[in-house]
Protein chains: 2
Amino acid sequence: MTYQTALPALADPTRRRVFERLRHGPRSVGEIAKGLPVSRPAVSQHLKVLKEAGLVDDHADGTRRVYYIDPKGLAALRRWLDQFWDDALEAFRAEVESDKEKE
Amino acid sequence: MTYQTALPALADPTRRRVFERLRHGPRSVGEIAKGLPVSRPAVSQHLKVLKEAGLVDDHADGTRRVYYIDPKGLAALRRWLDQFWDDALEAFRAEVESDKEKE
DNA sequence: ACTTACTGTAAGTAATGACTTACCAAACGG
DNA sequence: CCGTTTGGTAAGTCATTACTTACAGTAAGT
């Protein structure tokens with residue numbers, strides 16, 4: 001049920017840019033911050049939110065911290081979204097059906 | 001590319017509750033608002049945001065307005081999420097591979 | 001026509017949250 | 001050791017936004 005924290009985490013544009021920088025592999029905080037229009041502490045705060053949402057994880061590497069995507073958060077989002085999708089389509093099908101009966 | 005508006009739209013808990021009330025079929029504004037802990041105008045505002053995000057649509061029915069889920073928004077979200085998922089897995093695979101070479 | 005039912009909009013408020021600078025801690029290299 | 005690199009945290013600020021009440025509009029019923 002972590003989609004409830006994952007959705008707000010991915011709602012902010014710059015935080016999404018932080019997240020998307022990990023899309024093709026692990027990066028250190030400095031590498032992530034480089035090129036972004038916000039300060040490095042801001043990036044740290046975004047990473048904290050993403051981590052609490054189960055979207056990223058990290059491990060130490062000397063004085064640096066390497067962040068990488070944690071599949072857990074994305075998986076939870078996908079489950080919620082797919083379930084919703086199925087329900088919505090089924091509801092739509094049922095709607096068409098009941099409309100037919102009225103004729 | 002509407003996932004950029006769909007994500008913030010689904011980030012708010014009460015707005016998500018509004019959206020989820022349409023999960024199993026169309027509802028009028030009054031029906032949606034009934035039982036929710038916020039006022040009816042608040043629900044109207046949430047519906048406006050959801051509509052601008054392509055997540056819902058509506059049509060008139062007398063003095064009432066019936067809202068229903070618009071698959072466009074959900075589809076856009078799914079595309080983005082699936083693409084992200086694929087990239088993340090591929091990156092993970094490549095990471096494991098490059099780690100092997102180091103040994 | 002006149003009331004009733006239903007909904008969207010305006011305006012104002014309070015809370016949330018994204019950002020900044022300043023500071024502190026930990027690990028590496030000379 | 002000591003300076004440098006790296007990154008997390010604290011405190012404060014500003015903008016966003018979710019909510020309220022009040023109002024306006026439109027369609028149906030009598």
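Quick note on labels: first sequence line is chain A, next is B, and so on, each numbered from 1. Both backbone and side-chain heavy atoms feed into the values below; hydrogens, waters and symmetry mates do not.
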Side chain to side chain contact (heavy atoms under 4.5 Å, CB included) assessment of A:R64 paired with A:E31: CA-CA 10 Å; A:R64 308 192 315 170; A:E31 290 170 343; 4.0 Å; yes
CA sep, side-chain torsions, deciding dist, call: B:L7, B:W80, side chain to side chain contact (heavy atoms under 4.5 Å, CB included): CA-CA 11 Å; B:L7 280 171; B:W80 175 76; 3.9 Å; yes
Letter per nucleotide, 5' to 3', of nucleotides 19-24 of chain C [B base touched, S only sugar-phosphate touched, - untouched; heavy atoms, 4.0 Å]: BBBB--
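Evaluation of the ring-ring contact (aromatic ring centres under 6.0 Å, His included) rule for B:Y68 yields B:H59 as partners, not counting sequence neighbours. Applying the salt bridge (Lys or Arg N to Asp or Glu O under 4.0 Å) rule to A:E90 yields the partners A:R93; only residues at least two apart in sequence or on another chain are considered. Remark: B:D87 pairs with A:R23, B:Q83 by the side-chain hydrogen bond (donor to acceptor under 3.5 Å, both in side chains) rule, at least two apart or across chains.
The distance from atom CZ of A:R16 to atom C1' of C:dA18 is 14 Å, rounded to the nearest whole Å. Note: CG (A:L47) to C1' (D:dG8) measures 11 Å, nearest angstrom. The nearest whole Å value for the distance from the NZ atom in B:K48 to the P atom in D:dA18 is 13 Å. One atom, CG of A:L10, and another, P of C:dA18, lie 12 Å apart when rounded to the nearest Å.
Clustering ILVMFWY residues whenever any of their side-chain heavy atoms sit less than 4.5 angstrom apart, transitively, puts A:W85 in the very cluster that holds A:Y3.
DNA chain D is contacted by A:T63, A:R64, A:R65, A:Y67 of residues 54-69 of chain A, taking any non-hydrogen atom closer than 4.0 Å. If you check residues 24-33 of chain B against DNA chain D, you find no residue with a heavy atom closer than 4.0 Å.
Rounded to the nearest 0.5 Å, atoms CG (B:L55) and CG (B:L77) are 7.0 Å apart.
Using a 4.5 Å heavy-atom cutoff, the side chains of A:L50 and A:V18 are in contact.
Ionic pairing of B:K51 and B:D70 is not present here: no N-O contact between side-chain nitrogen and carboxylate oxygen is shorter than 4.0 angstrom.
Of all the heavy atoms in A:T5 and A:E52, the pair that sits closest is OG1-O, 4.5 Å.
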